[in-house]
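First the structure, in the form of structure tokens, and then the observations on it.
Residue numbers start at 1 and run along the sequence shown.
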Amino acid sequence: MSMKNSKNIQEVDFIAILKNYNFSLDDGKKLASLHDIIVKYEDSLIIKFYEFIFNFEYAKSFLKDKDTLKRHEEGIKNWYKNLFCGKYELSYFENLNFISEVHVRIGLPAHYVNAAFSFIRGFLIEVLISENKIGFIDSLNKIIDINLDILTLSYRQVEQSKLLKDVLFLKKVVESGSIEPYLQAIFNTKTMKIEKYESLMRLIDISSFEVYSVFPYLEVSKKIKLYEKMMRMMIEKTFLFFNDKEVEFSINLSYEDISNKSFIDFLYKMISSFKRPSNIIFEILETDFIEDFDIVVEFTKSVRMYGCKIAIDDFGSGFSSMENILKLKPEYIKIDGSLIKNLHISKESQTLVKNITNIAKDLNCKTVAEYVDCKEVFTIVKELNVDYLQGFYLHKPEKL
């Protein structure tokens, strides 16, 4: 994490933190003068520290191989020596904030951090006593308290326990390959026959076989750098299933996917080995156009060279301009679900859907109404001349 990208620690913040703990320049000088003494006890600290933390099951789970343990040990040593650097400025606090985010990312609970700090505080106080440096204990306690404050910053969430549970769940899902595409049928409005499918990511809990939508876990998966792996599994399994079938299917892509070169290179490789690329439809959220429209245009041009089609998802959510739609020339427009599910109670929604349908016809592209979840909506949306229907009233997503 670069200094410019830090959102949690700003210059005014770290000065305030030092002030709140009455940490003075004299405290900094005292700690710096202890550096050479403290380094002598580094090996002893490491031995006793790992004896202590391996009493915790979490430590055993995340320090389970030699390479991880070695990296962790180097990190502890660097932090330990830096504790007595004497310069407690912005870069020092940003490094602490980064360590805090890593702790959350790997799923370590806050009580582990607190217990570890309690041990280290006790160890260092004993060192100062044995070295006849009792007058330095107050400065030591201040910097330990400040470190603990920053290192638990990322844990101060209302749903802290849920976050940690989600992290562990996602790690387990990815490690076991329990990412499964579920298919939801898309019906031709006139014939009411299934003409295509949307492939939707589902997460399977291998211990209970419960099936979960990916949406509640998206942000966490991105923070802990598992999202791309999940998308790759999703693409591989979906393509494998449809490779020998003569039917169109769609897959959702986000701006994050499209702008990720390693993922896009993987995707192009998958498309090039697919038997019928013309059966592939990539759904792009209308709201993603606001990120960098040029990247979206470049992607659509590239996949169309293979014969793939483009659908604009959640159209009508109001972020993109009609000019952008014209540039993309999508084969399909999927109308924003908030409009469809309110058709039976909102004349305004009916008017908007009718207008979107007319615009789509002028652009020579087909419309899809998602979220057809009840008979009342089904009846109205058919009357509005939408080309395709999708929703729980007609078909719930099913495993391949």
Would you call the rings of [X] and [Y] parallel, tilted or perpendicular, where under 30° means parallel and over 60° means perpendicular?
X      : Y      : answer
Tyr92  : Tyr88  : perpendicular
Tyr197 : Phe242 : tilted
Phe49  : Phe119 : tilted

Is it true that [X] and [Y] have a side-chain N and a carboxylate O under 4.0 angstrom from each other?
X      : Y      : answer
Glu126 : Lys48  : no
Lys223 : Glu219 : no
Glu74  : Lys70  : no
Asp265 : Lys269 : no
Glu180 : Lys399 : no

Minimum side-chain heavy-atom gap [X]-[Y] below 4.5 Å:
X      : Y      : value
Phe93  : Leu18  : yes
Tyr268 : Phe299 : yes
Tyr388 : Asn188 : yes
Tyr21  : Asp27  : no
Asn20  : Asp149 : no
Leu203 : Ile179 : yes
Asp373 : Val377 : no
Cys374 : Phe392 : no

ILVMFWY cluster, [X] and [Y] together (side-chain gap under 4.5 Å):
X      : Y      : result
Ile46  : Phe54  : yes
Ile281 : Leu183 : no
Val220 : Phe215 : yes
Leu69  : Ile53  : yes
Leu124 : Ile129 : yes

Determine the sole option in [options] for which the side-chain contact (heavy atoms from CB on, under 4.5 Å) test with [X] is passed.
X      : options                        : result
Phe84  : Asp36, Leu140, Ile143          : Leu140
Glu370 : Asp314, Ile340, Leu339, Leu389 : Asp314
Met230 : Val173, Ile235, Leu170         : Leu170
Phe282 : Ile258, Leu267, Asn252         : Leu267

Legend entry - Candidate pair Met192 and Lys382, rule side-chain contact (heavy atoms from CB on, under 4.5 Å), full reasoning: CA-CA 10 Å; Met192 288 312 297; Lys382 283 191 71 176; 4.3 Å; yes

Legend entry - Cation-pi check, Lys341 onto Tyr371 ring (under 6.0 Å, within 45° of axis): yes

Inset, instruction - Identify whether NZ of Lys or CZ of Arg in Lys334 sits under 6.0 Å from the centre of the six-membered ring of Tyr332 and within 45° of that ring's axis. - result: no

Legend entry - Donor on one side chain, acceptor on other, Asp257 and Tyr227, under 3.5 Å: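 Short answer, yes.
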
Legend entry - Side chain Arg276, main chain Asn243, donor-acceptor under 3.5 Å: yes

Legend entry - Short side-chain to backbone donor-acceptor contact, Asp145 and Lys142, under 3.5 Å: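 Side chain of Asp145 to backbone of Lys142: no pair is present.
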
Minimum heavy-atom separation for [X] and [Y], please, with both atom names.
X      : Y      : value
Asp205 : Ser207 : OD1-OG, 2.6 Å
Phe52  : Ala115 : CE2-O, 3.4 Å
Ile271 : Cys308 : CG2-SG, 3.8 Å
Arg304 : Leu328 : NH1-O, 2.9 Å
Ser262 : Glu228 : OG-OE2, 2.9 Å
Ile380 : Leu343 : CD1-O, 3.7 Å

Inset, instruction - Test side-chain contact (heavy atoms from CB on, under 4.5 Å) on Glu236 and Leu240 and set out the steps. - result: CA-CA 6 Å; Glu236 287 175 347; Leu240 179 63; over 6 Å; no

Is the number of heavy atoms from other residues, nucleotides or ligands under 6.0 Å of [X] [atom1] greater than 12?
X      : atom1 : answer
Lys229 : NZ    : no
Lys361 : NZ    : yes
Asp362 : CG    : yes
Lys40  : NZ    : yes
Asn132 : CG    : no

Looking at [atom1] of [X] and [atom2] of [Y], how far apart are the two atoms once the value is rounded to the nearest 0.5 Å?
X      : Y      : atom1 : atom2 : answer
Ser178 : Ile206 : OG    : CD1   : 5.0 Å
Ile251 : Leu253 : CD1   : CG    : 7.0 Å
Leu285 : Ile312 : CG    : CD1   : 11.0 Å

Legend entry - Ring centroid separation Tyr212 to Phe169 under 6.0 Å: yes

Legend entry - Centroid-centroid distance, Tyr306 to Phe274, less than 6.0 Å: no

Legend entry - salt bridge (charged side-chain N to carboxylate O under 4.0 Å, His left out) evaluation trace for Lys366 with Glu195: CA-CA 13 Å; Lys366 302 292 185 181; Glu195 289 197 4; over 6 Å; no

Inset, instruction - Verify side-chain hydrogen bond (donor to acceptor under 3.5 Å, both in side chains) between Asp387 and Thr189, making sure each step is shown before the conclusion. - result: CA-CA 6 Å; Asp387 296 296; Thr189 307; over 6 Å; no

Inset, instruction - Start with the C-alpha gap between Asp336 and Ser338, add the side-chain angles, then the distance that decides, and say whether side-chain hydrogen bond (donor to acceptor under 3.5 Å, both in side chains) holds. - result: CA-CA 6 Å; Asp336 185 42; Ser338 65; 2.4 Å; yes

Legend entry - Worked check of side-chain contact (heavy atoms from CB on, under 4.5 Å) between Met231 and Ser254: CA-CA 10 Å; Met231 281 299 297; Ser254 67; over 6 Å; no

Inset, instruction - Could you please spell out the steps behind the side-chain contact (heavy atoms from CB on, under 4.5 Å) verdict for Glu246 and Asn279? - result: CA-CA 7 Å; Glu246 187 54 72; Asn279 286 340; 3.2 Å; yes

